Every structure is written in structure tokens, then in C-alpha cells.
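Heavy atoms only: backbone and side chains are in, while hydrogens, waters and symmetry mates are out. Just so it is clear, the structure is predicted and the values come from calculations on it, not from any experiment.
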Amino acid sequence: RPTQLGKLVAELVKGIPAPVSVKIRLGWTDSDRNASEVAKVVEEAGAAALTVHGRTREQRYSRAADWDAIAQIAAERSIPVIGNGDILTWYEAHERWQKSGVASIMVGRGALIKPWLFREIATRQAFEPTASERLAIYHDFAQRLKAHFRDDEKGRERAMRFLPWHFEFFCRYRPLSAPQWVAAASQHPLIQTRMPEEEGLSVLERLLRDPRPELHQELAGLLWAATDAPAAEAAALLLAERMPPVVGELGEVAVGH
């Protein structure tokens with residue numbers, strides 16, 4: 001309903017001092033793509049910027065984001081257009097940024113899989129932390145949740161609504177700086193690519209790659225309780241003895257979320 005959206009944006013622009021930005025999809029279905037029309041309405045209503053997620057609502061994550069459609073909208077509009085969809089590595093980010101002509105990019109699932117993705121994009125190089133380093137990052141995150149929600153039973157209950165869910169993404173991390181992945185990314189987004197399990201991984205690495213929700217609950221709990229990163233790692237290794245890590249092909253990365 002572009003007309004109603006335009007009215008809403010216009011009233012927001014009039015009513016608040018902050019710049020108003022809008023995020024849209026390409027449309028509801030492939031047969032009903034109206035993103036160009038909606039983008040025009042949004043700009044004329046006074047929006048300061050527009051983000052375009054290169055998928056329809058019906059499509060969800062079943063296919064790769066359409067960056068050609070994003071590029072078309074960027075070319076049509078005079079306000080900054082921000083592109084969004086399927087960014088997991090710094091080289092994918094810069095390739096899409098350059099080719100589409102967008103003013104900037106937005107990152108979603110890629111940052112949930114590896115929160116340091118922004119560092120990679122800024123420096124134009126991969127940051128590939130070891131399993132120990134990643135567990136330390138996760139421990140730091142758990143302690144920040146504890147500080148935010150408070151270190152009591154109610155705070156823990158609230159934090160556990162988030163932390164195990166994050167492991168559904170964290171467990172999908174893979175180092176992707178090798179030339180084979182750079183080449184593969186030009187053919188198909190890595191976030192949508194099947195990645196077979198590697199051999200010779202450490203116990204801790206296999207534990208962090210384990211996709212089981214029940215294990216994620218256990219990991220979240222030990223990170224909450226651990227006093228520091230070494231204590232968290234020791235507890236994680238004990239968990240690996242109690243719940244031997246499951247290996248195997250994870251399947252496409254972060255499709256179902």
C-alpha cells in the first residue's frame with residue numbers, strides 16, 4: 001500500500017527532528033514487485049534514505065538476494081539507497097557495494113554469524129579468530145548481557161531468551177578467506193552455500209560448530225556462569241566430554257532464520 005506508506009513517512013518527517021529512513025523489500029511476491037514505485041513514494045514523502053532488501057516477502061531466504069534490482073532502484077532515486085542481502089564476507093560487501101552503485105550497505109545475518117564482519121569490511125581483510133578467541137568473544141557477550149539484564153534469576157531468564165538463539169548463528173561460522181571461497185562468492189552468495197565439514201578440527205572447534213539447540217542452551221549457561229574466558233573454555237571442554245560434538249554437513253548457512 002504505497003500511498004498509505006507515503007502518508008506515514010510524511011507525518012514522521014514533519015513530526016520528529018531526526019532524519020527518517022525507510023527499509024523495504026522488493027515486493028510481496030515475484031509477480032507483485034513494486035519496490036520502484038514504493039521507493040519513489042518514500043523519497044517524495046521526505047525520507048532521508050532508503051534501504052532495499054533484495055528479496056520479496058514470499059521468497060524469504062529460498063533464493064539469493066537480487067542485487068540487480070537494488071542497483072536499479074539506486075539509479076532511479078536521488079536520496080541515498082542502502083543495499084541489503086547475503087553479505088557474509090568483506091569481499092562480498094565491497095563487490096556488491098561497487099557494482100550496485102548504492103550509497104552504503106546493510107548487514108543482517110552475516111553479522112549474527114560473525115559480529116566482527118564490520119571490522120573486516122572496514123579493513124578489507126579477513127579476521128579469522130580461533131575457537132578459543134571466538135569463545136572469549138561469546139563469553140564477553142554473555143557478560144554484557146548479564147550486566148544489562150542483571151545478575152539474578154530474572155536477569156538470567158531474560159538473557160537466555162537471546163544467547164542460545166545467537167548460537168544458532170555463531171555455530172555457522174567458517175573461515176572464508178581462501179581463494180576457493182573468493183571465487184565461489186562470485187557465483188553464489190556464501191551465506192547461501194553448502195559447506196561440508198572439515199576434518200582434523202579441535203574438540204573446541206567442533207563444539208562451537210555443533211548445530212544442536214540443546215547444546216546451545218548448555219553453552220549459554222556455562223558462559224553466563226564462567227568468571228573469565230579461561231574458565232569458560234575449561235567448562236566448554238567438559239561439556240564436550242558430556243555431549244560429544246556432532247559433526248557433518250550443516251547445510252546452507254542461515255537460511256531458515
Side-chain angles (χ1 to χ4, degrees), residues 21 23 25 51 53 55 57 60-61 65 82 84-89 93 105-122 127-176 189-192 195 204-240 242-243 245-246 250-257:
S21 63
K23 183 181 180 186
R25 291 178 181 266
T51 298
H53 179 54
R55 292 185 170 89
R57 170 62 179 81
R60 295 188 64 79
Y61 298 118
I82 301 158
N84 173 229
D86 295 340
I87 295 171
L88 184 60
T89 62
I105 56 171
M106 178 179 285
V107 179
R109 293 170 299 152
L112 292 171
I113 294 169
K114 50 180 191 179
W116 47 89
L117 177 54
F118 303 102
R119 167 179 170 176
E120 293 187 348
I121 293 171
F127 170 58
E128 297 181 345
T130 64
S132 293
E133 290 170 333
R134 297 205 311 282
L135 190 68
I137 293 171
Y138 304 158
H139 176 262
D140 179 67
F141 178 42
Q143 298 311 301
R144 290 173 187 268
L145 287 174
K146 183 183 288 189
H148 178 73
F149 290 117
R150 299 185 183 179
D151 187 10
D152 54 28
E153 192 56 38
K154 188 174 182 179
R156 187 183 189 283
E157 179 186 344
R158 288 179 172 176
M160 290 304 150
R161 300 172 191 172
F162 298 97
L163 191 53
W165 176 84
H166 273 279
F167 274 103
E168 293 185 29
F169 290 94
F170 290 157
C171 74
R172 298 169 185 272
Y173 169 75
R174 302 290 185 272
L176 298 171
L190 296 181
I191 205 167
Q192 303 272 125
M195 298 181 183
L204 186 59
E205 182 65 59
R206 287 189 287 118
L207 185 76
L208 294 185
R209 295 189 184 195
D210 193 309
R212 291 176 293 173
E214 59 270 26
L215 185 133
H216 299 162
Q217 290 283 347
E218 295 285 340
L219 265 178
L222 71 84
L223 289 173
W224 178 272
T227 55
D228 54 28
E233 183 167 342
L237 291 173
L238 289 175
L239 174 62
R242 182 161 53 88
M243 300 179 68
V246 172
L250 183 62
E252 292 183 346
V253 175
V255 170
H257 293 280

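Formation of a donor-acceptor pair under 3.5 Å by the Lys23 side chain with backbone atoms of His53 is not found in this model. Put simply, the side chain of Gln143 gets close to the backbone of Leu223: a donor and an acceptor are under 3.5 Å apart. Under a 3.5 Å cut-off, the side chain of Arg172 and the backbone N or O of Glu168 do form a donor-acceptor pair. Remark: side-chain polar atoms of Lys114 are paired, donor with acceptor, to backbone N or O of Leu88 under 3.5 angstrom.
In this structure, CD1 in Ile105 is found 4.0 Å from CD1 in Ile87, a value given to the nearest 0.5 Å. Residue Leu222 holds its CG atom at 7.5 Å from CG of Leu135, rounded to the nearest 0.5 Å. The structure places CG of Asp152 at 8.5 Å from CZ of Arg158, a figure rounded to the nearest 0.5 Å. Here Cys171 contributes atom SG and Leu207 contributes atom CG; the two are 10.5 Å apart, rounded to the nearest 0.5 Å. With rounding to the nearest 0.5 Å, the separation of CG in Leu117 from OG1 in Thr89 is 7.5 Å. Note that CZ of Arg109 is 9.0 Å distant from CG of Asn84, once rounded to the nearest 0.5 Å.
Under the 4.0 Å criterion applied to side-chain N and carboxylate O atoms, Asp210 and Arg212 are assigned as salt-bridge partners.
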Point to revise | Residues Trp116, Ile137; criterion side-chain contact (heavy atoms from CB on, under 4.5 Å); working and verdict | key: CA-CA 10 Å; Trp116 47 89; Ile137 293 171; 3.8 Å; yes

Practice item. Could you go through the side-chain contact (heavy atoms from CB on, under 4.5 Å) check for Phe170 and Leu208 one step at a time? Key: CA-CA 8 Å; Phe170 290 157; Leu208 294 185; over 6 Å; no

Review point. Going through the distances and angles, do Asp86 and Arg55 end up as a side-chain contact (heavy atoms from CB on, under 4.5 Å)?
Key: CA-CA 10 Å; Asp86 295 340; Arg55 292 185 170 89; 2.4 Å; yes

Point to revise | Test log, rule side-chain contact (heavy atoms from CB on, under 4.5 Å), inputs Arg209 and Arg174 | key: CA-CA 9 Å; Arg209 295 189 184 195; Arg174 302 290 185 272; 3.4 Å; yes

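Proximity of Leu215 to Val246: side-chain heavy atoms (C-beta onward) are nowhere separated by under 4.5 Å. Residues Thr51 and Ser21 have side chains not in contact (no heavy-atom distance under 4.5 Å, counting atoms from C-beta outward).
Screening Phe149, Phe169, Phe167 for a ring pair (Phe, Tyr, Trp, His ring centres under 6.0 Å) with Phe162, the sole residue that qualifies is Phe149. With Arg134 as the partner, the salt bridge (charged side-chain N to carboxylate O under 4.0 Å, His left out) test is satisfied by one option alone out of Glu233, Glu128, Glu205: Glu205.
Shown here for Trp224 and Lys146, the closest heavy-atom pair between the two residues is O-NZ, 2.6 Å. The nearest pair of heavy atoms linking His139 to Ala226 is NE2-O, 3.0 Å. Taking every heavy atom of both residues into account, Pro245 and Ala240 meet most closely at CD-O, 3.9 Å. Closest non-hydrogen pair, Pro164 versus Gln217, comes out as CG-OE1, 3.7 Å.
Remark: Arg119 is positioned above the aromatic ring of Phe127, its terminal NZ or CZ atom under 6.0 angstrom from the ring centre and at most 45 degrees off the axis.
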